[in-house]
Amino acid sequence: MRLLACLLACTAIALPAVTLPAAAQQQPNAAPAQAPSRTFTGSDLFGLSIAADPQISPDGRTIVYVRRTGDIMTDRMQSSLWLIDVASGRQTPFATSGSSPRWSPDGTRIAYVAGDGDRSQLFVRWLGNGASARVTSLPGDPNSLSWSPDGTRLAYIATVAGEPAKLGKAPAKPEGAKWAEPLEVIDRVTYRNDGPGYRKPGYDHLFVVGADGGAAQQLTFGNFDDGGPLSWSDDGRTILFSAIRGPDAERQVMNSDVIAVDANSGAMRTLTSRDGPDAAPRYSSDGSKVAWIGFDDKRRAYTNAELYVGDANAAAPRSLTASLDRSIEDAQWAGDGRSLYASYDDKGQRKLARIGMDGRMTTMADNLAGGGLDRPYTGGDFSISRSGTIAYTGGDASAPADVWVTSGGKARRLTNLNQVLTASKALAPVRKVAVTAADGRPIDAWLATPPGWQPGTRVPLILEIHGGPHSAYGPTFATDVQLYAAGGYAVLWTNPRGSTSYGAEFANLIDKNYPSQDYDDLMAAVDATIAEGVADPNNLFVTGGSGGGVLTSWIVGKTNRFKAAATQKPVINWISEALTMDNTLFTSRYWFSKLPWEDPMSYWNRSPLSLVGNVKTPTLVVVGSEDYRTPVSESEQYYAALQIANVPTALVKVPGASHGGFTSRPSQSAAKASAILAWFDRYRNAAPVNTGATPAN
């Protein structure tokens, strides 16, 4: 335990290696300390950059995007803004810090969010002369920026502070006395959120401010959280947003509506009313139609989000993607208002398609990527010019996401942010593995082999399991995969039943039955890598986070075939999770048929804690100290149970880390992977096995 804690808290952060001239690199007697390492290491996380939120100008000639880069001095991913000339690919810096850039309708200005003191504020920069101005004051931290059609105003969402709940009254404090902090009274159903932590009094509301500055006008009020994206009507009189409002709003989980607010008076009209989420509304360019994303809520674990279109009041809605059997992630109108562009995940890969009003689809790009760095989740952002040129973040398993552009069916990569680093490192190659589940279903899986791996040599295997469980991995870059492979392990990741991007039926195979046969799919994937001659069957390891942590703990309760395991931020006891997670209404409503006290055995029978008596596998438990999604108490329960059962274990906490921000600090991301590798190395058979076999392609 003490060794692993030190690995997490005491890992030194090395400065990036200095690349020597070619002649010096070739000297056989050069001191090893002076030679650059081609092994991908934890310190390399500080040298990575990833592109996000590319926004193309209305005329399609210029892109502004967010570049997130590791900063070794602050141990954070810092966001800066850059411009790209689409024709030449030439880049120029725009802002040393900032996010959420948005072009004015005439393309002469860019609004963006940047820090100013203790809060973030809204800024506008004029491209003609480079001048910039802050256009908001308190309340700060604006998001969901949207320009009015005439470019004179900006709408945004910001938090309005409220008064804390009170109960009783403390005695009067004498002047100068040092007393304890006052009582904290909690009376909301959802009183904390993963990431922000315990909720401060207040709600998110919609504001409008002049693009040249001045006092902002608050348009929405009440004890409700209003959300973006925001969309203006063509005449600038109305703004669309989405929210859960009404007398029972706090007890609704996914029942948001599309709402129209008058941009001057604040008068509101609710445009949708079904039981289910309606969100991300957008007016067409001529204001005659509204598009949004939503579905009818049937209380299933998973439902495809569909793209709907109605008239200017969202009336007479119809789904354009009912036959797609994939979930829409984002949708934006084409400049002519006759079609939409929408992104969705398909078999572990995010795609972008143009969708006509008749529902016909044309694929525009199939290599969208982006989001996180540590694990190979699907992702990607896009935007469209008036002429139909598309800017998006894309890539593959060789590097983090870059900015791409496509027009007329031809895609071009405009940035190569990690070219120097990736060229200097021996990275693990990634390929797809054919897997067939026990019931005959095909299961997508990918395998990374250690750099320099020789076919015919069996190596230790790490099974890496995604969270969710309704999410998807794909063939994208991941630092955890590269660090594990650099440690001499093959790494396998897969999309077992329950994963998204394979249709609603596949995702709902675990509806009210999770974990279940997803375990069998994971074992089939492991068996496939053994059959290929890559994985050493006597050197198997397993890890995963969140839903992957659930399955890791479930696996070691079902089988002893793994030498060691590392369960990250797991759910161990569904009853305690349902009552302590940040959205306490969710679990019992969507993943179970009854409340915990109505049917406790259903919760217990699907809890990994119920299997702890079977566990013999040395199991590491890893969690963020401020995780409110799968709270720390879940991990501590499992650690205590394993200790009581005399199973080799250790508990690693990532200080200050939330569930979603588990690996947001580069040093902690590197140290967490190092701790897992150290745990696996402790139980690993060192000698590789040469079988002489040739693996399947």
Side-chain angles (χ1 to χ4, degrees), residues 40 44-56 63-71 76-84 86 89 91 93-94 98-101 329-330 332 341-353 363-384 389-406 411-423 425 427-430 446 448 466 471-483 493 500-501 660-661 663-664 666 669:
F40 188 81
D44 290 323
L45 271 63
F46 291 100
L48 292 172
S49 295
I50 185 170
D53 198 11
Q55 295 294 312
I56 193 164
I63 296 169
V64 59
Y65 76 98
V66 179
R67 182 189 296 184
R68 297 174 55 236
T69 303
D71 182 353
R76 292 188 182 277
M77 296 297 290
Q78 300 289 356
S79 295
S80 57
L81 301 180
W82 290 73
L83 295 174
I84 307 175
V86 172
Q91 294 195 65
F94 178 79
S99 62
S100 304
E329 299 292 333
D330 187 17
Q332 301 175 32
Y341 292 86
S343 60
Y344 61 95
D345 290 347
D346 180 40
K347 298 182 179 179
Q349 182 66 63
R350 183 152 298 181
K351 296 181 177 181
L352 178 65
T363 300
M364 310 303 293
D366 61 3
N367 66 327
L368 273 68
L373 283 170
D374 60 321
R375 288 178 291 165
Y377 281 110
T378 57
D381 306 321
F382 73 95
S383 64
I384 309 144
T389 301
I390 303 167
Y392 67 95
T393 56
D396 54 31
S398 65
D402 278 293
V403 177
W404 288 64
V405 66
T406 182
R412 283 189 296 131
R413 182 180 184 175
L414 295 182
T415 66
N416 197 344
L417 301 180
N418 299 281
Q419 183 178 19
V420 174
L421 177 62
T422 56
K425 296 294 176 177
L427 296 177
V430 174
W446 295 268
H466 72 63
S471 62
Y473 274 166
T476 56
F477 182 85
T479 55
D480 276 6
V481 169
Q482 293 298 331
L483 290 171
W493 62 100
T500 55
S501 75
T663 55
S664 61
S669 182

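Model, not experiment: these values are computed from the prediction.
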| task | Scan residues 363-372 for pairs that pass salt bridge (Lys or Arg N to Asp or Glu O under 4.0 Å), counting only residues two or more places apart or in two chains. | result | none

| Donor-acceptor contact present, side-chain Q482 to main-chain A428, <3.5 Å | yes

| query | Okay, side chain of T415, backbone of V403: is any donor-acceptor separation there less than 3.5 Å? | reply | yes

What I'd like to find out is whether the side chain of [X] reaches to under 4.5 Å of the side chain of [Y], using heavy atoms alone.
X	Y	result
D44	K425	yes
S664	M77	no
D53	P101	yes
L48	L417	no
T389	I384	no

Salt bridge (Lys or Arg N to Asp or Glu O under 4.0 Å) partners of [X], counting only residues at least two apart:
X	result
D381	none
R76	none
D346	R326, K351

| request: Using the side chain to side chain contact (heavy atoms under 4.5 Å, CB included) rule, take I63 and L414 through it: C-alpha gap first, then chi angles, then the decisive distance, then the call. | output: CA-CA 10 Å; I63 296 169; L414 295 182; 3.7 Å; yes

Identify, with sequence neighbours excluded, every residue that meets side-chain contact (heavy atoms from CB on, under 4.5 Å) alongside [X].
X	answer
S501	D345, A472
A365	L352, N367, L368, Y392
A478	P376, V481
S383	Q55, I56, Q332, A391

Could you grab the distance from atom [atom1] of [X] to atom [atom2] of [Y], nearest 0.5 Å is fine?
X	Y	atom1	atom2	value
L373	S669	CG	OG	8.0 Å
L45	T479	CG	OG1	4.5 Å
E329	F382	CD	CZ	10.5 Å
I50	N418	CD1	CG	8.5 Å
T422	L427	OG1	CG	6.5 Å
R375	T476	CZ	OG1	11.5 Å

| Does Y377 have any ring pair (Phe, Tyr, Trp, His ring centres under 6.0 Å) partners at least two apart in sequence or in another chain, and if so, which? | Y473

Which heavy atom of [X] sits nearest to which heavy atom of [Y], and what is that distance?
X	Y	result
T393	A401	CB-CB, 4.2 Å
W404	G395	NE1-N, 4.0 Å
G348	W446	CA-CH2, 4.3 Å

| request: Under the side chain to side chain contact (heavy atoms under 4.5 Å, CB included) rule, what do W493 and V430 come out as? Steps first, then yes or no, please. | output: CA-CA 11 Å; W493 62 100; V430 174; 3.7 Å; yes

| query | Does the side chain to side chain donor-acceptor pair (under 3.5 Å) test come out yes or no for S80 and W82, once each step is laid out? | reply | CA-CA 7 Å; S80 57; W82 290 73; 3.0 Å; yes

Just list the side-chain donor-acceptor pairs under 3.5 Å for residues 64-71, sequence neighbours left out, or say none.
unit_1, atom_1, unit_2, atom_2, d
Y65, OH, R67, NE, 3.1
Y65, OH, R67, NH2, 3.0
Y65, OH, Q91, OE1, 2.6
R67, NH2, Q91, OE1, 2.9
R68, NH1, G371, O, 3.4
T69, OG1, S49, OG, 2.8
D71, OD1, M73, N, 3.0
D71, OD2, T74, OG1, 3.1

| task | State which residues pass side chain to side chain donor-acceptor pair (under 3.5 Å) with S79; sequence neighbours excluded, sorted by chain then number. | result | none

| request: Could you tell me which residues satisfy side chain to side chain donor-acceptor pair (under 3.5 Å) with R413, sequence neighbours excluded, listed by chain and number? | output: D402, N416

| request: Carefully, step by step, assess R350 and Y344 under the rule side chain to side chain contact (heavy atoms under 4.5 Å, CB included). | output: CA-CA 6 Å; R350 183 152 298 181; Y344 61 95; over 6 Å; no

